Structure formats: structure tokens, C-alpha cells
Peer 1: 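Submitted below is the structure of interest, expressed as C-alpha cells.
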Protein chains: 2
Amino acid sequence: MLVADNATAPTYTIGECARRSGFTMDTLRYYERIGLIDDVRRTATGQRRFTDADLEWLGTLKCLRDTGMPVEQMARFADLVREGDHTIPERIRLLEEHRVAVDERMADLAAKRDYISGKIDYYRSV
Amino acid sequence: MLVADNATAPTYTIGECARRSGFTMDTLRYYERIGLIDDVRRTATGQRRFTDADLEWLGTLKCLRDTGMPVEQMARFADLVREGDHTIPERIRLLEEHRVAVDERMADLAAKRDYISGKIDYYRSV
DNA sequence: CTAGGACTTGGAGTGGACTCCAACGCAAAC
DNA sequence: GTTTGCGTTGGAGTCCACTCCAAGTCCTAG
């Protein structure tokens, strides 16, 4: 459910954030715990309230995770972001390196997909 | 090292088979144990001797594994192969289903690769 | 014949990434 | 104002796919 602090800045409970980000609530708490997400704002009684900025960051994390980046490297990236703009060259390097890994993975998948197709064709011909 | 039983049928020790298949020796033993590989032929003293047919099967397994098929499903496939030719339609179904999964994975990777590229471009523009 | 490397086993341990739990507090709806 | 359900915590547990270990045997090069 959406919870508004004021007229202009929507915030989200962890459940809503889970729904929107595609992570489970447990994963969100886990990510916060290990420093992948900055400490999330809380209500007076301690409940988390995620912002749109949090959700955007989570979108980036999801992209990195789903392309196979290990949590440790995501943590490194999160650290760089926290350290400020002077780390941008390093962030670029990290992302470029990751992109190469993704490209290799895709090429490997494509080749193996073809092998599978060949296998299917063979079975069809039997 | 290659060990020849006779002039026509080369066989391989587990170490050589590991080198050729890309699996570790431990993984080969593990796969045999859980039934992904048929019981491998042995020397009189109990050492494994893999054949070219074993290596070919391992190539298939490697392809399935590297495209993300869970061990359990590979075991199902291995069972079908053992059951004989009447399971070919079922094997085709299994492989086609898997190919769909691989295609989806590739599409997802491609989309996320683009997102990463956009991020890199953004950082370059800052 | 002997050294050193490759192989054997059953079973325990690892690593990564969550995922679940209990016991509790807080919120929203009626 | 009570029920239903969402949220909190620290810590333990799970899952997958290996990976390692110890203690022993086997093989081959010199």
C-alpha cells in the first residue's frame, strides 16, 4: 500500500516495495543488512518506508543481480555510489566489465541453444 | 591420459575425462552417483574408464547444465534416455520446454544488457 | 623396486543467496 | 475496540550444486 508523508513524496511499505521491485521482503531486508541498500527511512515506530529513489536503485540492483552479478560485486558498486561522484570512472569500469560478462554469457547461451535445437531436430528425424 | 582396451575403443581415466569434458573429477563422480551418467565401466581394480560415448553424453549434460537446467531435470532426461526410444517424444518435449526457457533468459539478458549500457552512457555524460 | 602421482570410497563440509521462524508490535477496517 | 494482517528483530535453516577429506589402493616412470 502507498503511504504519503505529504502531498509530494510517496513512500511505500516493505510489502508494496517488494511488489514493485520484484524482490521479496526478506531479500529487501537482507540487502539492507548487507549494505546493498542504504538504511531505509523509518516511521516513528520503526517501520520501513521506501521512496521512489529507493525503488529506482532497486531496479538497478535487480538488473545487476538478474544478469548474474555476485552480491559482493553489487556491494562494491553500492559503496562506490555512496562515495560520491568522483567514483564515476570506477563505476563505469565495473559496469563495462560486467557488460562483457553478460555478452559472453549471451553468446554462450546462443551457442548452446543451437546445440539443443540440433538435438531436437535429431530426435525428430529418428 | 588415454588408455586403450584394444585397437579400436579408446577409454579415458576420470582425470582425462574431466579435462575433456570440462567437469571436475568430483562432479563426474557426483553425476554418476546421482544417476546423471550410467554406471561407468571399470578396470579389474575398480578404476573408471570413460568411453567416447560417455564423453558425448557429458557434452549434452554440459550444454543442459550451462544453460541453467536443474540437476533434477537433467536426471529426468537421463532416465528417459535409459528407458529407450519410445521416450523420444517426451525427450523432445523436455528439450523444447528448456529451449523456451533459454530463449526467455536470453531475451531478459539482452534487455538488461541494454539497461546497463544506458547506465554506462549516463555516467559518461556526467 | 620404489617414488610419486592418479585413483578409490563414504560421508562431511562449503558457498552463495536467500528464506524462514518465533514472538512480538503496529495499522487499518469495520 | 478488536480482529486481521502487515511489519519488526536476530538468528537459524534451506537449497543447490558441488567440493573436499581421509585413508587407502593402483599405476607407471625411472
Side-chain angles (χ1 to χ4, degrees), chain A residues 1-5 10-37 39-51 54 58 60-78 98 101 105, chain B residues 1-5 10-37 39-51 54 58 60-78 98 101 105:
Chain A
M1 145 225 334
L2 189 149
V3 178
D5 283 19
T11 65
Y12 313 95
T13 64
I14 194 167
E16 178 64 11
C17 183
R19 212 185 55 67
R20 290 183 183 238
S21 67
F23 291 112
T24 66
M25 294 193 301
D26 272 321
T27 299
L28 290 173
R29 285 188 280 246
Y30 167 64
Y31 279 4
E32 187 183 9
R33 194 150 23 100
I34 66 175
L36 283 191
I37 317 174
D39 289 353
V40 176
R41 274 164 44 201
R42 306 290 187 119
T43 63
T45 56
Q47 292 198 0
R48 289 174 185 80
R49 287 296 180 269
F50 291 81
T51 63
D54 290 328
L58 286 168
T60 300
L61 287 183
K62 188 135 212 309
C63 173
L64 296 178
R65 183 194 72 163
D66 289 354
T67 51
M69 182 180 286
V71 159
E72 198 176 316
Q73 205 176 339
M74 290 198 285
R76 165 106 183 98
F77 186 66
H98 182 58
R105 181 97 190 88
Chain B
M1 151 220 333
L2 188 149
V3 178
D5 282 19
T11 65
Y12 314 95
T13 63
I14 193 168
E16 179 63 14
C17 183
R19 212 186 55 66
R20 289 182 183 238
S21 68
F23 291 113
T24 66
M25 294 193 301
D26 272 321
T27 299
L28 290 174
R29 285 189 279 248
Y30 167 65
Y31 278 5
E32 186 183 10
R33 192 148 26 98
I34 66 175
L36 283 192
I37 317 174
D39 289 352
V40 176
R41 274 164 44 200
R42 306 293 186 118
T43 64
T45 58
Q47 292 198 0
R48 289 173 184 80
R49 288 295 179 270
F50 291 81
T51 64
D54 290 328
L58 285 168
T60 301
L61 287 183
K62 187 135 211 313
C63 172
L64 296 178
R65 183 195 71 165
D66 290 353
T67 50
M69 184 181 284
V71 160
E72 197 177 316
Q73 207 177 336
M74 290 197 287
R76 165 104 183 99
F77 186 66
H98 182 58
R105 180 96 191 88

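Fair warning: this is a prediction, and the values are worked out from it, not measured in the lab.
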Peer 1: What residues form a side chain to side chain donor-acceptor pair (under 3.5 Å) with B:Thr27, not counting sequence neighbours?
Peer 2: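 B:Thr27 satisfies side chain to side chain donor-acceptor pair (under 3.5 Å) with B:Thr24 only.
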
Peer 1: Which residue pairs pass the side-chain hydrogen bond (donor to acceptor under 3.5 Å, both in side chains) test when at least one of the two sits in residues 63-75 of chain A, sequence neighbours left out?
Peer 2: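 Pairs touching residues 63-75 of chain A that pass the test: A:Lys62-A:Asp66, A:Asp66-B:Lys112, A:Thr67-A:His98.
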
Peer 1: Between C1' on C:dC24 and CD on A:Gln47, what's the gap in Å once rounded to a whole number?
Peer 2: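 Going from A:Gln47 (CD) to C:dC24 (C1'), I get 13 Å.
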
Peer 1: With nearest nucleotides of DNA chain C determined for B:Ile14 and A:Glu72 from heavy-atom distances, which residue corresponds to the more 5′ nucleotide?
Peer 2: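 Result of the comparison: B:Ile14.
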
Peer 1: So, using side chain to side chain donor-acceptor pair (under 3.5 Å) as the criterion, who are the partners of B:Asp26 when residues are at least two apart?
Peer 2: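 Partners of B:Asp26 under the side chain to side chain donor-acceptor pair (under 3.5 Å) test: none.
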
Peer 1: Under the rule for side chain to side chain donor-acceptor pair (under 3.5 Å), what residues qualify as partners of A:Ser21, not counting sequence neighbours?
Peer 2: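 Listed in chain order: nothing, the list is empty.
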
Peer 1: Can you measure from CZ (B:Phe50) to CG (B:Leu58) and round to the nearest 0.5 angstrom?
Peer 2: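 Here the interatomic distance stands at 6.5 Å.
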
Peer 1: Without decimals, in angstroms, what is the distance between A:Arg19 CZ and D:dG5 C1'?
Peer 2: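 Nearest whole value for this atom pair: 17 Å.
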
Peer 1: Is there a side-chain polar atom (N or O) of B:Arg42 under 4.0 Å from OP1 or OP2 of C:dT9?
Peer 2: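 So the side-chain polar atoms of B:Arg42 do come within 4.0 Å of the phosphate oxygens OP1 or OP2 of C:dT9, strictly under.
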
Peer 1: Let me know the distance between CZ of B:Arg49 and P of D:dC27, rounded to the nearest Å.
Peer 2: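 My rounded result for the distance is 7 Å.
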
Peer 1: Using atom OH of A:Tyr12 as one end and atom C1' of D:dC6 as the other, report the distance to the nearest whole Å.
Peer 2: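 In whole Å, D:dC6 C1' lies 18 Å from A:Tyr12 OH.
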
Peer 1: Under 3.5 Å, which N/O atoms of the protein pair with N/O atoms of nucleotides 19-23 of chain C?
Peer 2:
| residue | atom | partner | partner atom | Å |
| --- | --- | --- | --- | --- |
| C:dC20 | N4 | A:Asp26 | OD1 | 3.4 |

Peer 1: Among D:dA17, C:dC26, C:dC7, find the nucleotide with the atom closest to the side chain of B:Thr13.
Peer 2: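 Output: C:dC7.
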
Peer 1: So, is B:Thr45 near the phosphate of C:dC7, with a side-chain N or O under 4.0 Å from OP1 or OP2?
Peer 2: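 The answer is no; no side-chain N or O of B:Thr45 sits under 4.0 Å from OP1 or OP2.
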
Peer 1: In whole angstrom, give the distance that lies between atom CG of B:Leu28 and atom P of D:dA17.
Peer 2: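 Distance check: B:Leu28 CG to D:dA17 P gives 16 Å.
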
Peer 1: Listed by chain and number, what are the salt bridge (charged side-chain N to carboxylate O under 4.0 Å, His left out) partners of A:Arg33, not counting sequence neighbours?
Peer 2: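 A:Arg33 satisfies salt bridge (charged side-chain N to carboxylate O under 4.0 Å, His left out) with no other residue.
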
Peer 1: Can you tell which of C:dC18, D:dA17, D:dC27 lies closest to the side chain of A:Tyr31?
Peer 2: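 Within the option list, the nearest is C:dC18.
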
Peer 1: Take A:Glu32 and A:Arg29 through the test salt bridge (charged side-chain N to carboxylate O under 4.0 Å, His left out) and record every step on the way to the result.
Peer 2: CA-CA 5 Å; A:Glu32 187 183 9; A:Arg29 285 188 280 246; over 6 Å; no

Peer 1: May I have the distance from A:Met25 (atom CE) to D:dT8 (atom C1'), rounded to whole angstrom?
Peer 2: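 After rounding, the reported distance stands at 11 Å.
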
Peer 1: What's the CG-P distance between B:Leu64 and D:dA17, to the nearest Å?
Peer 2: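 So the CG-P distance, B:Leu64 to D:dA17, works out to 13 Å.
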
Peer 1: Report the distance from atom CD of A:Gln73 to atom C1' of C:dA17, rounded to the nearest whole Å.
Peer 2: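 Taking atom C1' of C:dA17 as the reference, CD of A:Gln73 is at 15 Å.
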
Peer 1: Kindly say if B:Arg48 contacts the phosphate of C:dC7, meaning a side-chain N or O under 4.0 Å from OP1 or OP2.
Peer 2: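 For C:dC7, OP1/OP2 do not have a side-chain N/O of B:Arg48 under 4.0 Å.
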
